[in-house]
Amino acid sequence: MFAAVRSTKKASQSAEQHKALRAQLEVEAFGDVSTPREGRLSAPEVWWSQHFNWLRDRGYLLRQRYSPDWSPSWLGTKKNILACEDGRVAKFASRLIDATRLSDSSYVVLKLLARTAIIVSQSMRHLHIPDDSETCIIVMPLLLDYRHPPFETMGEAGLQFMHKHRVAHRDCTSRNVMMDPTTFYLDAFHPVNP
């Protein structure tokens, strides 16, 4: 019995360590988690709001929440903040935000990166931020975690494909495998709560 208790306690500690490590890696990769504040933008969201018009002029429209004249739709009503589209806060707004590309109405992700940290390929769209020589924004397709919707079987098709094409994946974990879900859904999924 004591061995079973020790085993359960050890598994619990291991799960907590894994969760803490995952949170640390997410912060390193995506930036701090935005904390929603009742009726106000978080500090990282304010930066995006200040660049709303500039991004729109370059062909990328942020959600209404980030418009400079935004007023929360739930204030003065009995609506639940989470039931309102503008009540949904981007989790990693310090570096990532969802947008709509105006030229084709497709959903994209805008990511802030240090210019020295990236090698921009010819096919990767990037924007140089005015009055900021250290940072740029790259434009990426809005992808979804490959596990949503869940597959009945998947096997190792993705890894086999990469190996066949001599791709060294090195860090192939579930957090690094994404898919384009546009063919799975009739309506687009919400970028904050797919």
Side-chain angles (χ1 to χ4, degrees), residues 26-77 79-146 148 175-176 178-194:
E26 283 181 345
V27 168
E28 288 174 10
F30 306 122
D32 293 327
V33 175
S34 293
T35 305
R37 301 182 304 180
E38 184 69 31
R40 296 184 2 226
L41 299 176
S42 66
E45 290 179 301
V46 169
W47 187 92
W48 291 104
S49 177
Q50 291 169 343
H51 291 81
F52 181 91
N53 292 326
W54 179 80
L55 286 163
R56 186 190 59 216
D57 293 345
R58 273 136 195 87
Y60 299 96
L61 184 64
L62 301 179
R63 287 186 286 128
Q64 185 60 33
R65 175 181 180 85
Y66 305 107
S67 172
D69 58 349
W70 172 65
S71 176
S73 64
W74 64 87
L75 291 182
T77 71
K79 293 180 185 175
N80 180 330
I81 184 175
L82 298 177
C84 300
E85 195 285 328
D86 62 335
R88 298 177 182 184
V89 178
K91 185 174 181 182
F92 297 105
S94 62
R95 291 199 194 147
L96 297 167
I97 197 92
D98 55 285
T100 302
R101 185 172 39 225
L102 295 173
S103 63
D104 61 1
S105 299
S106 63
Y107 295 109
V108 296
V109 174
L110 305 178
K111 182 174 185 178
L112 285 171
L113 286 177
R115 285 190 190 178
T116 57
I118 63 169
I119 300 171
V120 179
S121 73
Q122 294 295 334
S123 62
M124 185 181 296
R125 177 82 169 118
H126 62 283
L127 306 169
H128 296 285
I129 303 167
D131 303 323
D132 186 347
S133 61
E134 304 294 319
T135 311
C136 72
I137 297 173
I138 61 170
V139 181
M140 306 178 296
L142 179 61
L143 301 176
L144 190 60
D145 184 315
Y146 77 95
H148 301 287
R175 295 293 289 168
N176 295 338
M178 306 295 283
M179 70 169 178
D180 179 359
T182 54
T183 58
F184 289 119
Y185 298 100
L186 294 175
D187 296 321
F189 64 92
H190 195 280
V192 176
N193 298 25

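If you read the sequence from its start, that first residue is 1, and numbering goes on from there. Atoms considered below: every heavy atom in the structure, side chains included; atoms not considered: hydrogens, waters and symmetry mates.
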Fill in: Approximate separation, where rounding is to 0.5 Å, of R95 CZ and L110 CG
15.0 Å

Discussion item. Run the salt bridge (charged side-chain N to carboxylate O under 4.0 Å, His left out) test against D104 and tell me which residues pass, sequence neighbours left out.
Written reply: R101

Fill in: Audit row: I81, R88, side-chain contact (heavy atoms from CB on, under 4.5 Å) steps and yes/no
CA-CA 8 Å; I81 184 175; R88 298 177 182 184; over 6 Å; no

Worksheet item: Between L55 and I137, is any pair of side-chain heavy atoms under 4.5 Å apart?
Response: yes

Discussion item. Is there a side-chain contact between S67 and L62 in this structure, where contact means two heavy atoms from C-beta onward sitting under 4.5 Å apart?
Written reply: no

Worksheet item: Heavy-atom distance under 4.5 Å between the side chains of N80 and W74, does that happen here?
Response: no

Worksheet item: With a 4.0 Å cut-off, would you call R63 and D86 a salt bridge?
Response: no

Fill in: Identified side-chain hydrogen bond (donor to acceptor under 3.5 Å, both in side chains) partner of E45 from the options Q50, R65, R40
R65

Worksheet entry | Nearest heavy-atom neighbours spanning R58 and W54 | CZ-NE1, 2.9 Å

Worksheet entry | Reported CD1-to-SG distance for the pair I129 and C136, which is rounded to 0.5 angstrom | 7.0 Å

Worksheet item: If only atom types and distance count, is the side chain of T77 paired as donor or acceptor with the main-chain N or O of K79 below 3.5 Å?
Response: yes

Worksheet entry | Euclidean distance, I138 CD1 relative to L113 CG, rounded to 0.5 Å | 4.5 Å

Worksheet item: How are the rings of H51 and W47 set relative to one another: parallel (under 30°), tilted (30 to 60°) or perpendicular (over 60°)?
Response: parallel

Worksheet item: Do Q64 and D69 come close enough that some side-chain heavy atom pair is under 4.5 Å?
Response: yes

Discussion item. Is any side-chain heavy atom of L142 closer than 4.5 Å to one of V108?
Written reply: no

Worksheet item: If we only count heavy atoms from C-beta on, is the I97 to V109 side-chain gap below 4.5 Å?
Response: no

Practice prompt. Starting from the C-alpha separation in whole Å, work towards a yes-or-no answer on side-chain contact (heavy atoms from CB on, under 4.5 Å) for W48 and L112.
Written response: CA-CA 10 Å; W48 291 104; L112 285 171; 3.8 Å; yes

Item to complete: Check P68 against N53 and note the closest heavy-atom contact, atom names and distance.
Response: CG-ND2, 3.9 Å

Worksheet item: Tell me, do W70 and S49 make a side-chain contact under 4.5 Å, heavy atoms counted?
Response: no

Item to complete: Nearest 0.5 Å please: distance from the CE atom of M140 over to the CG atom of D98.
Response: 11.5 Å

Worksheet, complete the sentence: Scanning both residues in full, the closest heavy-atom pair of F52 with L61 reads CZ-CD1, 3.7 Å

